[in-house]
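All chains are named by letter (A, B, ...) in the order of the sequence lines, taking the proteins before the strands, and each is independently numbered beginning at 1. Below, each value reflects all heavy atoms present in this structure, side chains not excepted, and no hydrogens, waters or symmetry copies.
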Number of protein chains: 2
Amino acid sequence: MRDTRRARATIVDIAARAGVSKSTVSLVLRNSPLARQQTAERVRDAMRELGYVYNRGAANLRRARSNVVGVVVSDIVNPFFAELAVGLENAFLAAGYLPILVNTGEDRERQARVIQALREQAVAGLVVSAADRTEAAAIKSLAASGLPVTLAMRDLPGSGLPYVGQDNLEGARVATRHLLSLGHARIAFLAGSSSIATHRERVDGYRRALAEVGVAFDPSLVIEAPPMRESGEQVVARALALPAPPRAALCFNDLTAIAAMSALQRRGLRPGADFAIVGFDDIEEGAHVDPPLTTVSMQTDDLARTAARVLVELIEGGAPPAAPIYGVARLVVRGSCGAAAARR
Amino acid sequence: MRDTRRARATIVDIAARAGVSKSTVSLVLRNSPLARQQTAERVRDAMRELGYVYNRGAANLRRARSNVVGVVVSDIVNPFFAELAVGLENAFLAAGYLPILVNTGEDRERQARVIQALREQAVAGLVVSAADRTEAAAIKSLAASGLPVTLAMRDLPGSGLPYVGQDNLEGARVATRHLLSLGHARIAFLAGSSSIATHRERVDGYRRALAEVGVAFDPSLVIEAPPMRESGEQVVARALALPAPPRAALCFNDLTAIAAMSALQRRGLRPGADFAIVGFDDIEEGAHVDPPLTTVSMQTDDLARTAARVLVELIEGGAPPAAPIYGVARLVVRGSCGAAAARR
DNA sequence: CTGAAAGCGCTTACAG
DNA sequence: CTGAAAGCGCTTACAG
């Protein structure tokens, strides 16, 4: 088996075969007009015949640059981050960079290890959607070493690093206002953990909307739980067990919103009719449940493209954006969404 | 901003600072016992002081080896493949390789492009879960060039490449037998497309189970549709519109099974009671719907670990496995799952 | 337009 | 144990 393995052809082999020097081959490789048309043709034939594959690592070493960027994602199994990753990947590929996607699974230690591995691989830059509880200092020191870093979706307040992400505060505010406009006053905030900045920002927006209409904030209505489908049962149980149970909730994301809907249904409560639910993070799940879920949409694709662009500019010597870049939070109203629930 | 960017320290800088030659630094880097304890300490101090980062690309160039492997996945947004990717990533990291994860989104042209990019990056090997309709020849020629390649989850019959994946045929057989044992004779196979080998293998298993009990195969019961949640409505509508509508179905995967359940419910049919559903690809979704979904479990994690091990062995000069490696298909029965439906 | 030489950051024999 | 030299596959001035 091993015997079939040929050593890779190099530009020297190509040069020999085409009867030119290796400088000429290099010129042809980079489509320089300095090589004669006919010579270029001969060189390209030789490459084809020898099955030549460009060694980008060698080229990068010599040129002291790199065409690879790192994309560090906190939880690739979450379709929200998977879509972010895909968007980033597309944008980088289109810009001529090869993205290395690594998943940290919300594990800070693992995050540190993979980032180190990426640095050793001499990546040109990093976009990171930081793991839960990541300390700003950890990433900041990275950037201090001169490596271009852009934060996506998870801000690290105080790090001073360029950030591209959702407008969590505004999104939660819009969603909460929607529920308030339906006539709800006791509105729960279900699932998610305050250890994640995203959660804190959303709770802030929720509080702000309440404050704007003079509704007192009740901390017992903010019920934390891991943002997974499995948490639906638990958060609904706790919400309904409150002395004055809410009839409306803003959920940390769409997965937990759907899980909460199921938990309500298991109790004979009809989402929409008996209990209003709004979810975050539109990964187009909201439209496919019954009844449809009203969500705050975050345009992952746009944000991914933007984050990639910001990093590429940083890599190519541009200035970082002066302020965080926020995606527009858009409320997608689906179904009746609980006007009736408020009247009960 | 740019000014803070220091050029990376090299082993020459370390050598100068520690007062040794660069060979010595290299020895220390690789923890060779040839360097004196005290010298190693001095070298390590210098590295710390200079913020040294190992340049693995340069080392790889010199050693004519590579520590990076490519993981080509057909659809990272599908949680099934996301879990596969995570499993592979963990296994490679543990084995000392840096996996570059790329998503093809089932696009063969894109697959060709990213594979080329990975080759130029001089990856040590590739595990590929091929895009829909990938031709065996395309991947085979890759391997013929000497690059170790392992196929995961999507076999390319005729390629002769090592394959690690689910036992689709056996899984479909087991699932179909289960439905038959409940008393169903007309059983639909819903969603998925015969352009994917996975689908063909599952349909084969379904047919075999029918044949085993002497039930004639009815091609009109195999209803194709993209394996997405969105297809649920369509496949259920087509199944119920058949002259003799089935009361049981094996679904291509759990997403489509859950979608089919929703579509049934929208028609007032109770999954389990009125219509038996079994799904493929247990990504632990089956347990979290109501009623719970019976699934064929495929142990993605084990398979990922195995695929990674097979590739690492190939890279390190071992022989490819003599035969395809199949994961065990296990039927996870949840809920009543349609015994009643058969009696209607 | 083409070629010879130097060098990117490492590792690897090979002397000392 | 340590150092000087060569070389991995490229690119980059610099001559011709």
Considering only side-chain heavy atoms of [X], which listed nucleotide, [options], is closest?
X	options	value
Ile11(A)	dT11(D), dG3(C), dT11(C)	dT11(D)
Asn55(A)	dG9(D), dT2(C), dT11(D)	dG9(D)
Ala58(A)	dT12(C), dT2(C), dG9(D)	dG9(D)
Lys22(B)	dG7(C), dC10(C), dT2(D)	dC10(C)

Round to the nearest Å and state the distance from [X] atom [atom1] to [N] atom [atom2].
X	N	atom1	atom2	result
Arg8(A)	dC8(D)	CZ	C1'	12 Å
Arg65(A)	dT11(D)	CZ	C1'	12 Å
Leu61(B)	dG7(C)	CG	C1'	12 Å
Arg63(B)	dG9(D)	CZ	C1'	17 Å
Leu27(B)	dC14(C)	CG	C1'	13 Å
Arg30(A)	dC10(D)	CZ	C1'	9 Å
Ile14(A)	dT11(D)	CD1	P	13 Å
Leu34(A)	dG3(C)	CG	P	13 Å

| Is the number of heavy atoms from other residues, nucleotides or ligands within 6.0 Å of CD (Glu49(B)) greater than 12? | yes

| query | Would one find a side-chain N or O of Thr39(A) under 4.0 angstrom from OP1 or OP2 of dT2(C)? | reply | yes

| said: Please tell me if Arg36(B) has a side-chain N or O lying less than 4.0 Å from either OP1 or OP2 of dT2(D). | reply: yes

| CA sep, side-chain torsions, deciding dist, call: Glu89(B), Val71(B), side chain to side chain contact (heavy atoms under 4.5 Å, CB included) | CA-CA 8 Å; Glu89(B) 194 172 36; Val71(B) 173; over 6 Å; no

| message | Does either side chain, that of Asn55(A) or that of Arg119(B), offer a donor lying less than 3.5 Å from an acceptor on the other one? | response | no

| note | With Thr300(A) as partner, the option from Gln166(A), Met153(A), Arg305(A) fulfilling side-chain contact (heavy atoms from CB on, under 4.5 Å) is Met153(A)

| field | Of Leu311(B), Leu161(B), Val123(B), the residue whose pairing with Pro148(B) passes side-chain contact (heavy atoms from CB on, under 4.5 Å) | value | Leu311(B)

| task | Determine whether any donor atom in the side chain of Ser21(B) lies under 3.5 Å from an acceptor atom in the base of dA4(D), or the reverse, and answer yes or no. | result | no

| Taking the nucleotide of DNA chain D with the closest heavy atom to each, which residue, Gly57(A) or Pro33(B), is nearer the 5' end? | Pro33(B)

Sugar-phosphate only, base, or nothing, as touched by [X] at under 4.0 Å among non-hydrogen atoms:
X	result
Val53(B)	sugar-phosphate
Val12(B)	nothing
Ala64(A)	nothing

| field | side-chain hydrogen bond (donor to acceptor under 3.5 Å, both in side chains) partner of Gln111(B), chosen from Asn103(B), Asp132(B), Thr134(B) | value | Thr134(B)

| task | Measure the CZ-OH distance between Arg30(A) and Tyr54(A) for me, rounded to the nearest 0.5 Å. | result | 7.0 Å

| said: Are the side chains of Phe92(B) and Val312(B) in contact, using a 4.5 Å heavy-atom criterion? | reply: yes

| For DNA chain D, what dot-bracket results from Watson-Crick or G-U pairs at under 3.5 Å, with [ ] for crossers and | for inter-strand partners? | |||.||||||||.|||

| query | Between Gln37(A) and Ser23(A), which is nearer to the 5' end of DNA chain C once each is assigned its nearest nucleotide? | reply | Gln37(A)

